[in-house]
Amino acid sequence: MLLPLWAVAQTRGIDVSKYQGTVNWDKVAGSKKVKYVYLKATEGMTIQDPYYKKNLEGAHDAGFLVGSYHLYSSKTTAYQQFDNFKSMVKKADQDLIPVLDIEAVHGRNLNVERVDKILELMEREYGAKPMIYTSERLYLDYFSGKKYKDYQIFIANYHRFPKVRFTLWQYTQTGRVNGITGDVDFSEMNQSKSIDDILLPTTEK
């Protein structure tokens, strides 16, 4: 089931990357449809989103709570991936906990040791456990045990309400909002959670 209409403005978010092109963040804010924003920062060892810094500044100026995510690669080490993310994402610029985006497994199995090391490095750098973004299938295969019980989970399912635990649910890839040309990913928050569950702990900036 979807959230009631009165709750949506406080719990709905989007995630944005270069594929959305230039965003008019003031228009996005004016739509009253979005509370928080996750921006793609990096991917693998060397890929950096060319719109990241512009989106970070624009989203903040428009009053959004902003976080950043890294798209996991099975082809490079945890340290290489973390160094790429850290070079782009400064703790002082973040409102929300970072996200490790795990969408695909290259080969037979996910390298859990590599994933765990990236999570560890992110937590050490940003002062909070990252959120894990993944599909229900990968969640059940790798992240449903006690080992990950203290991590917030961001589930992508475009067909139905998730049957696994989650904090955020990415429910569509084809959302529309003023200020963005074309499609954008929308997410909603579990009704048992609040924005406080994904806020980065307050520190001196």
Check [Y] with [X], please: is the shortest side-chain N to carboxylate O separation under 4.0 Å?
X: K90; Y: E125; value: no
X: E120; Y: R124; value: yes
X: K129; Y: D150; value: no

Candidates H159, R12, R160 - the one meeting side chain to side chain donor-acceptor pair (under 3.5 Å) with Y171
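The passing option is R12.
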So [Y] and [X], do their side chains get closer than 4.5 Å, heavy atoms only?
X: V184; Y: V23; value: no
X: I102; Y: V115; value: yes
X: L138; Y: Y133; value: no
X: Y72; Y: D101; value: no
X: M131; Y: I198; value: yes
X: P162; Y: Y139; value: no
X: V164; Y: I153; value: no
X: S68; Y: L96; value: no

Expected output: side-chain [X] to main-chain [Y] donor-acceptor under 3.5 Å:
X: Q81; Y: A78; value: no
X: R114; Y: S74; value: yes
X: T11; Y: E188; value: no
X: Q20; Y: D183; value: yes
X: D95; Y: L199; value: no
X: W169; Y: N157; value: yes
X: N55; Y: Y51; value: yes

Between CD of E136 and CG of D141, what distance do you get to the nearest 0.5 Å?
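CG of D141 is found 11.5 Å from CD of E136.
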Rounded to the nearest 0.5 Å, what separates atom NZ in K147 from atom CG in L119?
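So the NZ of K147 and the CG of L119 are separated by 9.0 Å.
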So which atom in [X] and which in [Y] form the shortest heavy-atom distance, rounded to 0.1 Å?
X: G179; Y: K27; value: CA-CB, 3.7 Å
X: P130; Y: I97; value: C-CD1, 4.3 Å
X: M189; Y: Y36; value: N-OH, 4.2 Å

Below 30° counts as parallel, above 60° as perpendicular, anything between as tilted: where do the rings of Y148 and Y151 land?
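The rings of Y148 and Y151 sit tilted, inter-plane angle from 30° to 60°.
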Quick test of your reading: applying salt bridge (charged side-chain N to carboxylate O under 4.0 Å, His left out), list the pairs with at least one residue in residues 39-49, sequence neighbours left out, ordered by first then second residue.
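Checked against salt bridge (charged side-chain N to carboxylate O under 4.0 Å, His left out) - neighbours excluded - the pairs reaching residues 39-49 are K40-E43.
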Among Y69, Y126, Y79, which residue satisfies the ring-ring contact (aromatic ring centres under 6.0 Å, His included) criterion with F85?
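Filter result, single survivor: Y126.
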For the residue pair Q152 and T167, confirm or rule out a side-chain donor-acceptor distance under 3.5 Å.
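Yes, a side-chain donor-acceptor pair sits under 3.5 Å.
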Between F166 and F161, does the ring-ring contact (aromatic ring centres under 6.0 Å, His included) criterion hold? Intermediate values first, please.
CA-CA 10 Å; F166 69 93; F161 191 85; 5.4 Å; yes
Take S87 and Q48 through the test side-chain hydrogen bond (donor to acceptor under 3.5 Å, both in side chains) and record every step on the way to the result.
CA-CA 9 Å; S87 72; Q48 299 182 337; 3.0 Å; yes
